[in-house]
Asks: 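The structure's right below; bear with me while I get my questions together.
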Amino acid sequence: MIQLHNVSMSYQAEIPALTDVNLKIPKGDFVFLTGQSGAGKSTLLKLLYADLIPTRGQVLIDGVNLGRLKRSQIPLLRRSIGVVFQDYKLLPQRTVLENVAITLEVLGWGKRDIGKKVFHILKQMGLEDKLNSTPLRLSGGEQQRVALARALVNDPKILIADEPTGNLDEENKEQILSIFKEANIRGTTVLVATHDRRVIENSHRRVIHLEKGRVREVTDVQG
Amino acid sequence: MSRANKTVRPKFAREGFFGRLSYFSARALANLRQNVFVSIVTVGTISLALLIAALFLLVYVNLEGMALGWSDKVQVTAYFDREPSPLAVSALKGQVKALPGTAKVVFVSQADAEKRLRSRLKGQESLLEGITPEVLPASLEISLDRSHRESAQVASYVSALRRIQGITEVQYGEEWVQRFNSFMNLFRLMGALLGSFLALTVLFIVSNTIKLTIYARREELELLGLVGATRLFIKAPFLIEGVLQGALGAVLSLLALFACYYAFLENAGSFLGVNPAAAGLCFLPLPHLAAILGGGVLLGFIGSLTSLRRFVHL
């Protein structure tokens, strides 16, 4: 379970990115986080994988207060969270296989197991013929799927995606969303930040609307 | 079925120190291959910087060797009032040899002294009329170890020599020794100053080059942190890369230095009119070569470590 209690976050004094945010996201939930640019979506996501520490309030994941984690404990938290970044963050010098394998290498998996697991997930993403390509040779949709494969390859407890459909055409958007849904069916809690109304409307999931750093509305819709 | 049951537990690799080291080394080599241009620039910069330092060291070592060669002239002569008997000579020689710092002792009898004088004044024999061997004193000519040629050491040696019974007068080029030692002190001071300046320059160039290469890969560092890598996991391959680049740079600089040295030996005679063999030129001794290699490795390691501290925020 993800819980935020009275969370406020400021990058600079007197300019709050988040103000008094209270949220509960149960295990296995699928939630959209929406709002205009600058509403605080990315800041909220960064708090969940301890890339930022709130200036006030508490962020808890499965009862663990992230603000109280030691530096050495942060990697352990991040290993249970898959993150799809807005800019993908793929390493241009490494192949698709190597990019996805990073997540498993960090966990200490053996080469053979990594090969099998990465091939399996890339096949699920329809990228099995791109194993040895570098990201720069891929289309936007393919790069997004590689980033998604990297986030999902170790079956994380939580999947976080920041504007995952931003630069994609309709066909690719559908494909990405169906991957999120499949991960959610397998038990992963999914949290997607987007301002794409069509994606939200077609998904029929809970929506948290942020405005100027505050939660304005929580809409519960089950599809 | 729960997630734990669904996921096949993988066989963990890289357990233990050697397992990790082999993974990090493999990663470092792969990084070098994947960032080949940046790696070449880094290694090239390190080798050029170290080559300049090594050239300085080579010139310094040879100049110091030459200068120390001049100090062979530091000789102490102990005179006797009366020529000692052959038995007494060997006893005196033994006593002098027992003094710390003695390298060589030669006895010059009155007859030998006269012979020397005659040979030096060849063609001006008229000056030697009436001079008999008894006029010239017998002496012991003493050469000192290189480690005992400083002014203070020579002075204390001489005072010890004066205490030996039978020796009435001791002479040595006191002024020359003082001048030579002042020159050597100045030479070493200049060498240390220039060397330190050069070492700082090399440190600055190399650390900044490594910093730039790591800056170019800051996204990789950031990503590794975001997917749950520990600090050791992120830093270790970069540190190994730094060490490899430093070692390779040092080896290349030594090869280039040897090429320069060899080219100088080949061409010094024809272009500079210097006979390298006669000048006693030598290549850097093994400890200096090891120091340059170690310096390269250390530069690569410390350069990477300080840069990583700046870019790994975990």
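Every heavy atom of this structure was used, including side-chain atoms; hydrogens, water molecules and symmetry mates were not. In what follows, chains carry the letters A, B, and so on, assigned in the order in which the sequence lines appear, proteins first and then strands, with residues in each chain numbered from 1.
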Asks: Around B/Phe56, counting heavy atoms of other residues, nucleotides and ligands shown, do more than 12 lie under 6.0 Å from its CZ?
Replies: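 It does: B/Phe56 CZ has more than 12 such atoms within range.
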Asks: Rounded at 0.5 Å granularity, tell me how far CD in A/Glu105 sits from OH in B/Tyr23.
Replies: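 Nearest 0.5 Å value for the CD-OH distance: 3.0 Å.
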Asks: Just checking B/Tyr262: does its OH atom have more than 12 heavy atoms from other residues, nucleotides or ligands closer to it than 6.0 angstrom?
Replies: no
Asks: Distance check, rounded to the nearest 0.5 Å: A/Thr103 atom OG1 versus B/Leu224 atom CG?
Replies: 9.5 Å
Asks: Can a side-chain donor-acceptor contact be found between A/Glu98 and B/Gln34 if the only test is distance below 3.5 angstrom?
Replies: yes
Asks: In terms of heavy-atom proximity below 4.5 Å to chain B, should A/Arg150 be classed as side chain, backbone, both, or neither?
Replies: side chain
Asks: Does B/Arg218, at its CZ atom, have more than 12 non-hydrogen atoms belonging to other residues, nucleotides or ligands within less than 6.0 Å?
Replies: yes
Asks: Can you establish whether the number of heavy atoms outside A/His195 located under 6.0 Å from its atom NE2 is more than 12?
Replies: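 No, not enclosed.
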Asks: Which heavy atom of A/Pro75 sits nearest to which heavy atom of B/Gly228, and what is that distance?
Replies: CB-O, 3.3 Å
Asks: Under 4.5 Å between any side-chain heavy atoms of A/Arg71 and B/Thr230, yes or no?
Replies: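 Of all side-chain heavy-atom pairs linking B/Thr230 with A/Arg71, none is under 4.5 Å.
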Asks: Taking the side chain as C-beta and beyond, is there a heavy-atom pair between B/Leu226 and A/Lys46 under 4.5 Å?
Replies: no
Asks: Nearest 0.5 Å, what's the CD-CZ distance between B/Glu222 and A/Phe85?
Replies: 7.0 Å
Asks: When you compare the side chain of B/Glu220 with that of A/Arg94, does any pair of heavy atoms fall below 4.5 Å?
Replies: yes
Asks: In terms of heavy-atom proximity below 4.5 Å to chain A, should B/Arg231 be classed as side chain, backbone, both, or neither?
Replies: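 The side chain, not the backbone.
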Asks: If you draw a 6.0 Å radius around CZ in A/Arg112, do more than 12 non-hydrogen atoms from other residues or ligands fall strictly inside?
Replies: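 For A/Arg112, atom CZ is not crowded (no more than 12 foreign heavy atoms under 6.0 Å).
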Asks: What do you reckon, is CZ of B/Phe37 surrounded by more than 12 foreign heavy atoms closer than 6.0 Å?
Replies: no
